[in-house]
Amino acid sequence: MAAFAEATRIFFRIIQTTHHLQNTAVPGGRTTSPASLQKKMQELATLVTPASQTDNTMDQDQYQREWPALRQTYPPGSPALTRNAERKHYTTRGTGQAVGSQDTTGSGNRTHVPGFHSAVRFRQLPRPLKTIVLQSEQLRYVINQVSKESGEATDIVQEEAVAIVEEMAHRLQLSTIRFFAFALSKAFKTLFRSVHVNEEGIQRLQQAIQEHPVVLLPSHRSYIDFLMMSYILYTYDLSLPVIAAGMDFLGMKFVGEMLRMSGAFFIRRSFGGDKLYWAVFSEYVKTMLRNGYAPIEFFLEGTRSRTCKSLTPKLGLLNIVMDPFFKGEVFDVSLVPISISYERVLEETLYARELLGVPKPKESTSGLLKARRILSEDYGSIHVYFGQPTSVRSLAQGKINRSHYNLIPRFIPRKCSEDTQSFVNDTAYSLVRRQEENMVLRPWVLIATILMQNLDGMDSELLAEQTTWLRGLAMAFGAFLDWPDQAPIAKVVSSSLALHHGLVCSSGGRVRLEEGPQETASPEEALFNRAVGVLSCASYRNQILHIFLRPALVAVALETAATSRNDDVYGSFVYLRNVFSNEFILCPGADVQDFEEGCYLLMKCGAVQMLTQDIVVTERGQSILSFLSGMLEPFLQGYQVVCRYFCEEASEGLMEKEYVPAVRSFAVKRILSDGLKCYEALSSDLQKNALAALLRLNALRKVKAADQVSLKVNKMAAKAVEDTLGGKVPVQKPVLARL
Amino acid sequence: MASNCNSSESERQRIAQQRLKIIAGHLQKEEDGELPRIFANDCKAEATDRRSSSASTMPKRRQEIMKWNGWGYSDSRFLFNKKGQAEFTGKRYRLSGMIMPSLKDWFEGTFGANLQHKTPAVPSLNSSDVQPPSLNEAFVQDLKASSIPCSNEAEDRVFRAHGHCLHEIFALREGRFGRVPDMVVWPNSHDDVVKIVELASKHNVCLIPYGGGTSVSSALECPPEEVRSIVSLDTSQMNRILWIDEKNLTAHVEAGIIGQDLERALNESGYCTGHEPDSMEFSSLGGWVATRASGMKKNIYGNIEDLVIHLKMVTPRGVIEKSCQGPRMSTGPDIHHFILGSEGTLGVVTEVTMKIRPIPEYQKYGSVVFPNFEQGVACLREVAKQRCAPASIRLMDNAQFQFGHALKPQVSSIFTSFLDGLKKFYITKFKGFDPHCLCVATLLFEGDRERVLQHEKRVYDIAAKFGGLAAGEDNGQRGYMLTFVIAYLRDLGMDYYVMGESFETSVPWDRVLDLCRNVKERIVRECKEKGVQFSPLSTCRVTQTYDAGACVYFYFAFNYRGLADPVHVYEQVEHAAREEILANGGSLSHHHGVGKLRKQWMKESISNVGLGMLKSVKDFVDPDNIFGNRNLL
Ligand SMILES: Cc1cc2nc3c(=O)[nH]c(=O)nc-3n(C[C@H](O)[C@H](O)[C@H](O)COP(=O)(O)OP(=O)(O)OC[C@H]3O[C@@H](n4cnc5c(N)ncnc54)[C@H](O)[C@@H]3O)c2cc1C
């Protein structure tokens, strides 16, 4: 118990709501929702306003008194709401050295000391969860079906189902949670300077949890994402989530079981056609949801993004959690996008290596222990932003006809209708975009963006100047920046560089990327070492790409389009958007909105003028546009390298699985021989995205023979893509027509 | 006219004996130290005139005994007296003359209403506000020649221009009248109706049949776009039982007869139909047929479609009827089913042969308290599965249970210490029950005494499996009695800024709970979104069980203070609630019908082809749209 008290004490030094967000210049108008952004900024600021100034709790109480029915539908919440009033007194400041009391209210008391965490316990179910799942009509139906199809006796299939549940199920234990809280608070304390949470978001979440089943959807950049999530919810006395975790964690014997005991359940990475597995799994999730058992947490992106770009969302789980709403089994489901931004990602170079083809270390316990070395490093601070809960019901209004389910018993699994599919897809994209929008960006991200366009290094004063310039642009585009108060720019830059000393070095007034050991290395090795640095740095630039993406695509389109006529530029834009639809988060079917958004932002920052027929670049626009298209340059080049590979080198009947190594060595050769600086062409992420694009553009075709998949190239088409991306030929109308 | 032409001496004796048995049953019960038992019928109002079976409760000038702008008899109403206590006036009902001390608190607490904030109705009908009748002179002349009574007085016309939807009553209370019929006719027989329909066809006059006027689907509203003269055909004078056939247990009855009159008259001969919709004090046999009505005791007697043996309907094409009274036929699609539910769009139902049953020897109420609604529904489902549903079984949710308490009168023999008894129950039996979750099922058993007792035991045994505890007969009886006075409560609400409505659906068993929860919550949420200041009352009950599903009945009511257009808000909420029902696998209606209120969903409900089939029948039967109330299609 003493240890636990100690843990909580330390913990409070870490979790602090600090106040070093930019509260001057409210970033003006994203086309999407300038107002909401403005609100967001205020919201974070609100955290530190004394209670007397933000007294909206009254309204809330009143509301609840008058609308009791809205609350009854969901299990009683934790006592956290009552604590909020107290919490408002925290006006903690100070970033780093989180030692000593930060309580500037002067009371000197830590008002929030969790003693008994009522919320940790999940809602009581009439029978054990596993039993409910195994006895459900849904599962019984599938078991019978599988038994009929396979000829296996039902009790054998049933046993398989039992085994699946056992493998999958979480086993929450209070003691484990406490242990984790203790261990994590220690670890986090050494790793991070501070963890910032938007408490308004926590309150909204608290409210949402009382009303409807809640699904937590954090971004996924690091292993510690879900530890962080549970840790925060635990601290705020909110119901702990049940988390869908990848099976690979189970490989780590001890840790896997620990995670299980802290509320993780495990799903196989792929179970494509396994009906039984799917049934058990989806029933497991739905049962929790229907009964309001606990918030469910999973990663829309499916896996950690190694590039720090958001990944194309996976739809399976989202589909599952929406299903009970479609079928009327719950009144509504709240989806809560959560953005976890790391000033320094723990796995940064690990990811780069992985992208470059150094095999990913198995998630083994020893691997994690090695991560202890990490503990001695400074990883800056973390921002966790709990987004606005979104009601599936309101999203589905007018898009989903629920009576679709009237004529077939609801326990019979069915392929979802096209409407449903596209609805789930659209929702997934917009949620990922919301995650992106709520990512808190640090100065370093801007610096990395600039350095990526100056790989040979640059004058540090110029860097500072450009950083200031880019900051202005980013704010005009609505970036959610966290900038140190009143610090001179030189200081901001130098402290950023200091924190990322592993990636950049600054000497003699010049700043350049760290090259790694050069002397002994062979040219390939040197290239490889340099690529690690570049890709690591790129991962920070990637964090801000979503802000610039649409205007940048317009900028490139302006360069590649045949004329500056609106429709030509639009045509190029649509082409590029299609090419890059795996690379970036671009909602399918939103060509027009995206184009308009891009143009609007460019117009807003004075880079272009929109005439009735043409888009005209202004004088001051040149630099903005070339910076923006420069930002996409590595991708354009990377894709061209891939195209070139297919035109020049790919062997007839190339196996799909040989593709990545083959294209990688092609790129290595080109970089070494042609002096091409396109290190990102070495990234397996880019290579895979380019492959998907070429398949979509019909430049490639998959041919299945036996168990092998080979790739068939249409060289003409591949060449056309290369030339179009290189700006050698304008987007061709026929290509457009095919889109 | 004699109601019972062929009752022989021996028959009389048999009936007398039967009655004796019933009385004996009562007495016996009293010996057991329980309260005297009351028939379901006794819960209803006393008729104005009980002298003979042929006497009609319904005069031509209905407004003489009934409210012109509210529910039911003029002398019966709820009000808050000077002391702020709720009171039910009149002498007709068991609750009449009683004080309900806790209603005020419930009312203010539930709706945030305040007795200071009144919204009184306009005191009387101002005839000059009613559009003058637009008469088809030729028709009127021909009609007068036939000496069928008619009227074009404003009061008579206004009375027949509406049913009992909220918006209809609300408008009347404000003294607003839309399109009303231009004339009312009172045919006295089938032949009169034939005549009227002929004349209407000849002169192109629009006819709207009017039975009891209890419609809750805007079925009686005159289409505002109708330019022809509209004639309301009031069936109330066609109210005789023409014959009773004891061999086949059927009775042939004129379609204008009101439910309570029909039952009373048959009772005198020792029979009943057992068809008891909650509106039976006022609704008519023809209306039941026209709307596919459902009675409380359908588990024993069936719904109206099960009770009807033979129908006669007068249409512009002539009279439609079958040639025999065979109990079942395979002669193509059953033409009765074009008539049942036709909602006055095809013609006038004039005579009906329906099944009758001997009056049951014994009736017993009962009630069961469940720890929660889920358990209650599970129990009803099991009862239905075992096909042992009592004559009636209804499950109220917690809000209705609490509302029931609020209506407890101060002193009353039948209600003696109900609450005290219940309190005792809480302490002793229901300790584990959360008073904010528990719900109650009310039961009504009928049959011979021994079977009733067996049946009762079986049902209580099932209930016990779902955590249900028997909670006494009084509780049950109260529940059924309240059904007859509950309609009066809406008028009280409307005196104080509270408006409310009920609606129903039918739904497969597996979706009952989901539908109830979602619809109730949707109502709450819609009210909030539409700016309703105080959380509404949103409650439901399961009122009928079937093999494959149940009928669910919703009530919702809210305080409309501060709303610019309360009726519009109310309509939006009701609309949303219906959408929610349909999205959750519920039907468009179980028994209220479609009328004009739910027309917009007909296509979705019965498919395009289905709608086409109905249209083509309409086109054939009534090509000139004489029956132009524009319901259904
Ligand atoms: C408080 C209350 C409780 C109710 N409870 C029930 C219930 O338990 N079960 C139930 O089923 N309904 C119930 N209803 C609804 C209503 O009572 C029924 O729809 C009833 O069948 C209508 O009968 P009516 O005689 O009042 O018809 P009306 O309201 O006069 O007319 C209804 C429709 O039928 C047509 N019609 C009437 N008579 C004839 C005829 N002879 N020939 C052709 N068409 C005709 C009319 O044109 C109109 O379209 C209730 C209504 C209220 C207000």
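Letters A, B, ... mirror the listed sequences (proteins, then strands); counts begin at 1. Scope of the values below: all heavy atoms of this structure, side chains included, with no hydrogens, waters or symmetry mates.
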Got more than 12 heavy atoms from elsewhere within 6.0 Å of [atom1], [X]?
| X | atom1 | answer |
| --- | --- | --- |
| B:His568 | NE2 | no |
| A:Gln135 | CD | yes |
| A:Arg127 | CZ | yes |

Inset, instruction - Heavy atoms only, distances under 4.5 angstrom: which of B:Asp514, B:Val507, B:Leu515 has the most pairs with chain A? Name it, please. - result: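 Ranked by heavy-atom pairs under 4.5 Å with chain A, first place is B:Asp514.
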
Inset, instruction - Among the options B:Gly112, B:Gly585, B:Ala583, pick out the one with the most heavy-atom pairs lying under 4.5 Å from chain A. - result: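 The answer is B:Ala583.
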
Would you give the length of the straight line joining atom [atom1] of [X] to atom [atom2] of [Y], rounded to the nearest 0.5 angstrom?
| X | Y | atom1 | atom2 | value |
| --- | --- | --- | --- | --- |
| B:Arg525 | A:Ser394 | CZ | OG | 6.0 Å |
| B:Asp510 | A:Phe411 | CG | CZ | 8.5 Å |
| A:Phe325 | B:Asn518 | CZ | CG | 8.0 Å |

Legend entry - Donor-acceptor contact below 3.5 Å, side chain A:Asn406 vs main chain B:Leu582: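 Indeed, once roles are kept as given, a pair shorter than 3.5 Å links the two residues.
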
Inset, instruction - Give a yes or no on whether the backbone of A:Glu329 and the side-chain of B:Arg517 come within a donor-acceptor separation of less than 3.5 Å. - result: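 The answer is yes, because a donor-acceptor pair under 3.5 Å joins these two groups.
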
Legend entry - Over all atoms of both residues, closest heavy-atom pair of A:Pro409 and B:Arg511: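 Distance-wise, the nearest heavy atoms are CA-NH2, 4.3 Å.
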
Legend entry - Residue part contacting chain B, namely of A:Arg410, when any heavy atom lies under 4.5 Å: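 Both backbone and side chain.
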
Inset, instruction - Would you mind checking which part of A:Asp332 comes under 4.5 Å of any heavy atom in chain B, side chain (CB onward), backbone (N, CA, C, O), both or neither? - result: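 Interface part for A:Asp332: side chain.
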
Inset, instruction - Please determine if B:Glu580 and A:Arg393 form a salt bridge, counting it only when a charged side-chain N lies under 4.0 Å from a carboxylate O. - result: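 Between A:Arg393 and B:Glu580 there is a salt bridge, with a charged N closer than 4.0 Å to a carboxylate O.
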
